[in-house]
Amino acid sequence: MKITHISAECYPIAKVGGLADVVGALPKYQNTSSNSSQVIIPFYNLKFTQNNEFKILFESELQLGVNNYKYRVLQLQENSLDFEVFFIDVPELLFNEYVYSSDDTDRFLAFQIATLDWILTWNKKPNIIHCHDHHTGLIPFMLQESFNYETLNTIPVILTIHNAQYQGWFSHEKVNYLPEFNLDHFGLLDWNYQINPLAAGIKCAWAVTTVSPSYMEELKQSANGLESLLSHETSKCKGILNGIDAEVWNPENDAFIVKKYKSRTIKSGRDANKNYLCKTFNLDASKPLFAFIGRLVHEKGSDLLPEVFKEVLKNRDISVLVLGSGNKENEVELNALVSDYSGNYNAFIGYDEKLSHIIYAGADFLLMPSRVEPCGLNQMYALRYGAIPIVRNIGGLKDTIIDIDNDGFGILHEEVEVNQIVDAIIRAKKLYSKKTKFSDIRKQIVEIDHSWFVSAKEYTKLYKSL
Ligand code: ADP
Ligand code: GLC
């Protein structure tokens, strides 16, 4: 089977969050003797594209309304990744030093149209087209409805929803940006008087997946306006839990971390990473270290963290480290605590892949008080490195973490409220003080296998059923 993933992000080329991790790992695990998996992504002006050489495979033009854009399809001169990757270069729209911006309607429309125009020219067409999130949500619609792509409309197309909060809405006025289709079918594009790429993708894809089973169920209750659509389309919807790339995320050979370790050497390895973090960020290494890594947005519950930290740092019996960026007010508040709790608290506002690995390897506990968490990869990385997750009981967090009070290995709280997060941290402190139990849990969690092996098989089963 030839599987073609189409996505806005792919690690290590362009990463904003977990979407990149998934699209950079799943194809690797899908490349077997009977399947080949490849990725098509936009050509951005980022470190990866700056540091690599490319060859041109195809050149053409596309039209958005009255505007004409030249585009090229590029391929790496030398590919060190474990899967094939193709880049859509629309210099006027996509080639920027960021992945997302305010003119994304035009940017991702151009990406999707160029991708399909190019696929039309292939001799050996894909057996499966796998789209990810709203940036590629118009592809299922175009495959089904656009006159240009009639020869592709027998290819099964899947849409994976990584996050239904973002839907890519734009106004009806831009309908003429799409390649010609029967306007009687305009309703397929519309949701609440706007063109809604995610909704159109859900309506037209042959199958829709979410990145965890619980998130699929939750979306039927709360999906930023798409609840009734998801309930209506339930027969073609399925939740498949994400996996992790167990080669990239492996404390035994992770080049980012300060000291590598195996299950047998977990204590000394983790101590070295913790000591490095505490020295670098002026924290007390004799205290349990709590960390947060993530986008500072409402969904992640990070707005409550300043209040939580003020409460739990009163006695100065823990250390806290934050790595994240996003909402400016939240960044300022988190930074402001540094001087008040110097020696016990620090924050790195920004994005730093290397530091994130060291934190998974050195923090004792990882906080994820998410309001919404479609899957969450951080908790799975934390498990693999031996940091105990403290998570809200929702979405993929609910599907991966069992509370210590239920013979499990993590700490769950039901609601995203300051007092509940504080209570969870107090429970974690107690666990930390019971040295044997703490160390047993740590040894237990690094053995949990969340690699893509299992979930990649689920996708293969789904592809075959189509
Ligand atoms: P989401 O995709 O919603 O942001 P996930 O848990 O799926 O959440 O994935 C987040 C990914 O982004 C993880 O690989 C995490 O380590 C990484 N990450 C998030 N924020 C940062 C940051 N500031 N620096 C480095 N890595 C980060
Ligand atoms: C989204 C979700 C996150 C998920 C990731 C990868 O960004 O917010 O929960 O892990 O996609 O699927």
Side-chain angles (χ1 to χ4, degrees), residues 5 7-12 14-26 99-100 130-136 159-167 198 209-216 218-219 223-224 239-246 248-249 254 256-257 291-302 305 321-327 330-331 334-335 347-361 363 366-385 387 389 391-392 394-401 450 452 455 459:
H5 290 273
S7 168
E9 297 181 38
C10 176
Y11 180 82
K15 171 166 169 176
V16 176
L19 170 62
D21 290 2
V22 170
V23 178
L26 175 58
V99 174
Y100 304 119
H130 192 149
C131 301
H132 297 267
D133 274 350
H134 73 84
H135 328 100
T136 55
L159 174 69
T160 293
I161 304 175
H162 296 259
N163 196 332
Q165 293 301 110
Y166 310 102
Q167 300 171 7
L198 190 68
T209 66
T210 55
V211 287
S212 71
S214 287
Y215 187 53
M216 186 87 250
E218 287 159 12
L219 283 183
N224 207 2
I240 300 180
L241 187 70
N242 281 337
I244 62 170
D245 187 329
V248 171
W249 298 94
D254 186 335
F256 285 137
I257 64 179
F292 173 90
I293 301 174
R295 295 181 292 120
L296 302 176
V297 293
H298 186 256
E299 272 174 58
K300 300 284 179 193
S302 61
L305 290 178
L321 180 58
V322 171
L323 166 62
S325 61
N327 179 287
N330 202 187
E331 289 182 356
L334 286 164
N335 249 337
F348 181 98
I349 302 299
Y351 188 92
D352 190 324
E353 190 76 24
K354 178 178 160 72
L355 179 57
S356 75
H357 284 241
I358 304 174
I359 296 178
Y360 293 118
L366 186 84
L367 292 161
M368 295 183 76
S370 305
R371 289 193 173 84
V372 180
E373 198 59 83
C375 177
L377 298 171
N378 297 17
Q379 81 281 13
M380 298 200 250
Y381 299 147
L383 293 173
R384 180 130 171 94
Y385 282 72
V391 306
R392 196 240 172 143
I394 194 161
L397 301 172
K398 185 175 178 175
D399 294 344
T400 49
I401 306 300
H450 275 300
W452 269 107
S455 298
Y459 276 111

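Both ligands and their constituent atoms are indexed starting at 1 by order of listing.
- Scanning the protein for heavy atoms near atom 1 (C) of ligand 2, the closest one is H162 O, 3.2 Å.
- Set against the non-hydrogen atoms of N163, the atoms of ligand 2 under 4.0 Å away are 8 (O).
- Donor-acceptor pairing under 3.5 Å is recorded for the side chains of D21 and Y381.
- Those atoms of ligand 2 with a heavy atom of N242 less than 4.0 angstrom away are 6 (C), 10 (O), 12 (O).
- Under a 4.0 Å criterion applied to the non-hydrogen atoms of P374, ligand 2 contributes the atoms 2 (C), 8 (O), 9 (O).
- Remark: ligand 1 atoms within the under-4.0 Å shell around heavy atoms of Y381 are 13 (C), 14 (O).
- Every atom of ligand 2 with a heavy atom of V211 under 4.0 Å away is listed here by number and element: 12 (O).
- The contact set between ligand 2 and V22, taken as ligand atoms under 4.0 Å from a residue heavy atom, comprises 6 (C), 12 (O).
- Nearest protein heavy-atom neighbour of atom 4 (C) of ligand 2: G376 N, 3.7 Å.
- Below 4.0 Å from some heavy atom of D352 lie the following atoms of ligand 1, by number and element: 24 (N), 25 (C).
- The distance between the ring centers of H135 and Y166 does not fall below 6.0 angstrom.
- Less than 4.0 angstrom separates some heavy atom of G324 from each of these atoms of ligand 1: 23 (N).
- Residue E299 has no nitrogen or oxygen atom sitting less than 3.5 Å from a nitrogen or oxygen atom of ligand 2, judged on distance alone.
- At least one N or O atom of E373, backbone or side chain, sits closer than 3.5 Å to an N or O atom of ligand 2.
- Residue contact annotation: Q379 has no non-hydrogen atom under 4.0 Å from ligand 1.
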Residues D254, H357; criterion side chain to side chain donor-acceptor pair (under 3.5 Å); working and verdict: CA-CA 8 Å; D254 186 335; H357 284 241; 2.6 Å; yes
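- Near Y360, with a cut-off below 4.0 Å to any heavy atom, the atoms of ligand 1 are 15 (C), 16 (O).
- At a 4.0 Å cut-off, not a single heavy atom of A20 sits close enough to ligand 1 to count as contact.
- Taking only nitrogen or oxygen atoms, main chain and side chain alike, G18 does not reach within less than 3.5 Å of ligand 2.
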